[in-house]
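Quick notes on the structure that follows.
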Amino acid sequence: MSQSRRPAQPGYQRSFPGLLAAMLVVVLVVVGWTGFRALFSDKETTPVQTVEWQPIVQAAARAGTVEVLAPPSLPHGWRATSADLASDGLHLGLLTDEGKYVGLEERTASLQDLVAQYVDENAQQGRDVRLDGITWQTWTDPGGDYAVGRIGADRGGAAAGARTSYLVVGSAPAAEVRAFAADLQPVVETR
């Protein structure tokens, strides 16, 4: 039986140390490119715009879809960053003086639906709290959001049986979320 030799293959010898060296070169190139981009990129972020929220709240009151609750004014240092009138209610998004988010959602949807949409589908219900004489349910999620919610009274009239659900949710401390909810007052339509 004759032994045959494999012909020598041109190129380099493949070895584990060679593979590691090639991977190290690739990693260094990626890290270098990332560092270069970080040093020479535009570091200016787009500032969050402040919006006029009172006209939207008044429009929601005029629309009559929900009984609108809103603060008479925002706490010192807070600012509205979004205010939207939807066919079924009102949204008001705020940033606290510490840059934490607080949102007010008012809808004809169920409170459970609002909690699932704006807090978490698996939000944990806590103990009820009394805010300015009104009982609110509390909710939390694993991400640190806290919310208080309640259902308004039956409005009667053309929207008989329609109840408004109110949800105040945010990344702000629970005490701030509760204080904001306690400050909400019915909005009287102005022309």
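- Two residues are said to be in side-chain contact when any heavy atoms from C-beta on lie closer than 4.5 Å; T135 and V129 fail this criterion.
- R150 has its side chain within reach of L69: a pair of non-hydrogen atoms, C-beta onward, lies under 4.5 Å apart.
- The shortest side-chain heavy-atom distance between N122 and D141 does not fall under the 4.5 Å cut-off.
- Without hydrogens or angle criteria, E106 side chain to S165 main chain gives no donor-acceptor distance under 3.5 Å.
- Under the 4.5 Å side-chain heavy-atom criterion for ILVMFWY residues, no single connected hydrophobic cluster contains both Y146 and Y118.
- Side-chain contact check for V57 versus V68: some heavy-atom pair is nearer than 4.5 Å.
- Shown here for G152 and R163, the closest heavy-atom pair between the two residues is O-NH1, 3.5 Å.
- Contact detail for L184 and L104: the closest heavy-atom pair is CD1-CD1, 3.8 Å.
- Of all heavy-atom pairs spanning A60 and L90, the tightest one is CB-CD1, 4.1 Å.
- To the nearest 0.5 Å, the span separating CD1 on I134 from CG on L131 amounts to 8.0 Å.
- Contacts of F180 classified as ring-ring contact (aromatic ring centres under 6.0 Å, His included), with partners at least two apart in sequence or in another chain: W78.
- By the 4.5 Å heavy-atom criterion applied to side chains, L94 and L74 are counted as neighbours.
- Annotation for Q124: atom CD does not count as buried by contact number, only 12 or fewer foreign heavy atoms lying within 6.0 Å.
- Contact annotation: the side chain of D97 never approaches that of H76 to less than 4.5 Å [non-hydrogen atoms, C-beta and beyond].
- In this structure, L85 CG and I56 CD1 are separated by 6.5 Å, a value rounded to the nearest 0.5 Å.
- V115 approaches A123 most closely through the heavy-atom pair CG1-CB, 3.7 Å.
- Of the inter-residue distances, the one linking T50 atom OG1 with R79 atom CZ reads 4.0 Å to the nearest 0.5 angstrom.
- Rounded to the nearest 0.5 angstrom, L167 CG and L111 CG are separated by 6.5 Å.
- Separation of atoms CG (D132) and CD (Q185) is listed at 8.0 Å; rounding is to 0.5 Å.
- Cluster annotation: V66 and V187 are assigned to the same hydrophobic cluster (Ile/Leu/Val/Met/Phe/Trp/Tyr, side-chain heavy-atom contacts under 4.5 Å, transitive).
- Using modelled atom types, no side-chain atom of D113 and backbone atom of A116 make a donor-acceptor pair closer than 3.5 Å.
- Counting non-hydrogen atoms of other residues, nucleotides and ligands closer than 6.0 Å to CD of E98 gives a total of 12 or fewer.
- Nearest heavy atoms, D183 versus S73: OD2-O, 4.1 Å.
- Although no hydrogens or angles enter the test, the distance criterion places no donor-acceptor pair under 3.5 Å between the side chain of S82 and the main chain of L92.
- Atom CD in E121 sits 12.5 Å away from atom CD in Q112 (nearest 0.5 Å).
- Taking all atoms of both residues into account, the shortest heavy-atom contact from A172 to V177 is O-CG2, 3.9 Å.
- In this structure, T138 contributes its side chain and V148 its backbone to no donor-acceptor pair below 3.5 Å.
- No side-chain heavy atom of R107 sits less than 4.5 Å from a side-chain heavy atom of Y166.
- Within the 4.5 Å cutoff, the side chain of V169 has no heavy atoms near those of the V102 side chain.
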